[in-house]
Every structure is written in C-alpha cells, then in structure tokens.
Amino acid sequence: QVQLVESGGGLVQAGGSLRLSCAASGRTFSRYVMGWFRQAPGKEREFVACIRWSVGSTYYRDSVKGRFTISRDNAKNTVDLQMNSLKPEDTAIYYCAAGSSGGIPTFRRTYDYWGQGTQVTVSS
C-alpha cells in the first residue's frame with residue numbers, strides 16, 4: 001500500500017524559509033514522478049514542482065522558480081521541497097503526490113497517490 005506522509009509545514013514570516021518533506025513507502029518509486037501541489041482557501045489545487053525520480057529532472061511553476069527547490073533522497077525514499085523567500089501568497093496546504101512518469105507532470109490527473117497535506121502559513 002502506497003503511503004505519502006508530509007511534514008515540515010508551519011508558520012513563518014514573509015522572507016523566511018521552510019523545508020517540506022514527503023516520506024514515500026509501499027513500492028519502488030524509480031519510475032514515478034513526484035510532485036508538490038498546494039491549495040489555498042477558496043482556490044483550486046495547483047501544481048508547484050515535480051521531480052522524475054529516476055533521472056532527477058525538475059520542473060516548477062513560474063511563481064516559485066528561483067525560490068523553491070525540489071529534491072529526492074534515494075536512500076531515505078523522501079522528496080523534499082525547500083522554500084525560500086516565502087511570500088504571503090504561498091500560504092496554502094501543501095500536498096505530496098506520486099504518479100506515472102509517462103503523464104504530464106503539471107496535471108493533477110497524472111498523480112495516483114496523495115498525502116494528507118501540511119499547512120504552510122506565511123505572515124506579512
């Protein structure tokens with residue numbers, strides 16, 4: 001059974017940093033794409049970043065480029081999202097997801113498995 005468990009959320013002031021971690025278990029993820037999505041109150045869930053586990057290639061939404069970095073640790077089976085220079089508009093619940101590497105990684109429907117989410121709040 002696939003499990004994705006996020007951690008690392010919290011409250012931070014604008015300009016600060018947080019590091020989210022997603023612990024993945026239940027299968028080998030070498031052929032998967034791992035993504036981070038977020039959902040703010042009253043808004044749809046949106047793509048943030050992704051990484052193809054096998055080759056380590058990454059992709060980001062424009063608004064987080066240069067501020068967020070996604071990475072994976074093969075030994076620990078974790079996917080992290082380092083978030084720097086945080087802004088109030090980054091406030092949301094952040095979700096980790098796993099899906100087939102053959103799908104379009106920015107689309108929600110590419111992802112078959114989702115974590116429960118972790119809250120990130122950025123105060124101004």
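The residues of the chain are indexed from 1 along the displayed sequence.
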Looking at every non-hydrogen atom in both residues, tell me the closest pair between [X] and [Y] and how far apart they are.
{"X": "Pro88", "Y": "Ala14", "value": "CD-CB, 4.1 Å"}
{"X": "Gly9", "Y": "Leu20", "value": "N-CD2, 3.6 Å"}
{"X": "Tyr60", "Y": "Ile70", "value": "OH-N, 2.9 Å"}

How about [X] and [Y]: do any of their side-chain heavy atoms sit closer than 4.5 Å?
{"X": "Phe68", "Y": "Leu86", "result": "yes"}
{"X": "Arg45", "Y": "Trp114", "result": "yes"}
{"X": "Leu81", "Y": "Val48", "result": "yes"}
{"X": "Gln82", "Y": "Ser17", "result": "yes"}
{"X": "Phe47", "Y": "Arg108", "result": "no"}
{"X": "Glu46", "Y": "Gln39", "result": "no"}
{"X": "Val33", "Y": "Ile51", "result": "no"}
{"X": "Arg38", "Y": "Val64", "result": "yes"}

Are Tyr111 and Phe37 an aromatic pair by the rule of ring centers under 6.0 Å?
yes
Ignoring hydrogens and angles, tell me if any N or O in the side chain of [X] forms a donor-acceptor pair with the backbone of [Y] under 3.5 Å.
{"X": "Asn77", "Y": "Ala24", "result": "yes"}
{"X": "Arg72", "Y": "Trp53", "result": "yes"}
{"X": "Arg67", "Y": "Ser85", "result": "yes"}
{"X": "Thr91", "Y": "Val122", "result": "yes"}
{"X": "Thr121", "Y": "Leu11", "result": "no"}
{"X": "Gln116", "Y": "Val5", "result": "no"}

Separation of [Y] [atom2] from [X] [atom1] (nearest 0.5 Å):
{"X": "Ser71", "Y": "Met34", "atom1": "OG", "atom2": "CE", "result": "11.5 Å"}
{"X": "Met83", "Y": "Leu18", "atom1": "CE", "atom2": "CG", "result": "4.5 Å"}
{"X": "Lys87", "Y": "Ser124", "atom1": "NZ", "atom2": "OG", "result": "14.0 Å"}
{"X": "Cys22", "Y": "Glu6", "atom1": "SG", "atom2": "CD", "result": "5.5 Å"}

| request: Count the heavy atoms of every other residue, nucleotide or ligand shown that sit under 6.0 Å from NZ of Lys65, and state whether that count exceeds 12. | output: yes
- Message: Would you say that more than 12 heavy atoms from the other residues, nucleotides or ligands in this model lie under 6.0 Å from the OH of Tyr59, or not?
- Response: no
ask   = So, Arg27 and Tyr32: side-chain donor and acceptor under 3.5 Å apart, yes or no?
value = yes
key: Check: Ser63/Arg61 side-chain N/O donor and acceptor closer than 3.5 Å   = yes
Which atom pairs, donor and acceptor, lie under 3.5 Å between side-chain atoms of residues 95-105 and protein residues at least two apart or in another chain?
from, atom 1, to, atom 2, distance (Å)
Ser100, OG, Gly102, N, 3.2
Ser101, OG, Arg31, O, 2.9

| task | Apply the test side chain to side chain donor-acceptor pair (under 3.5 Å) to residues Asp80 and Ser21: give CA-CA distance (whole Å), side-chain angles for both, the deciding distance (0.1 Å), then the verdict. | result | CA-CA 4 Å; Asp80 290 353; Ser21 187; 2.8 Å; yes
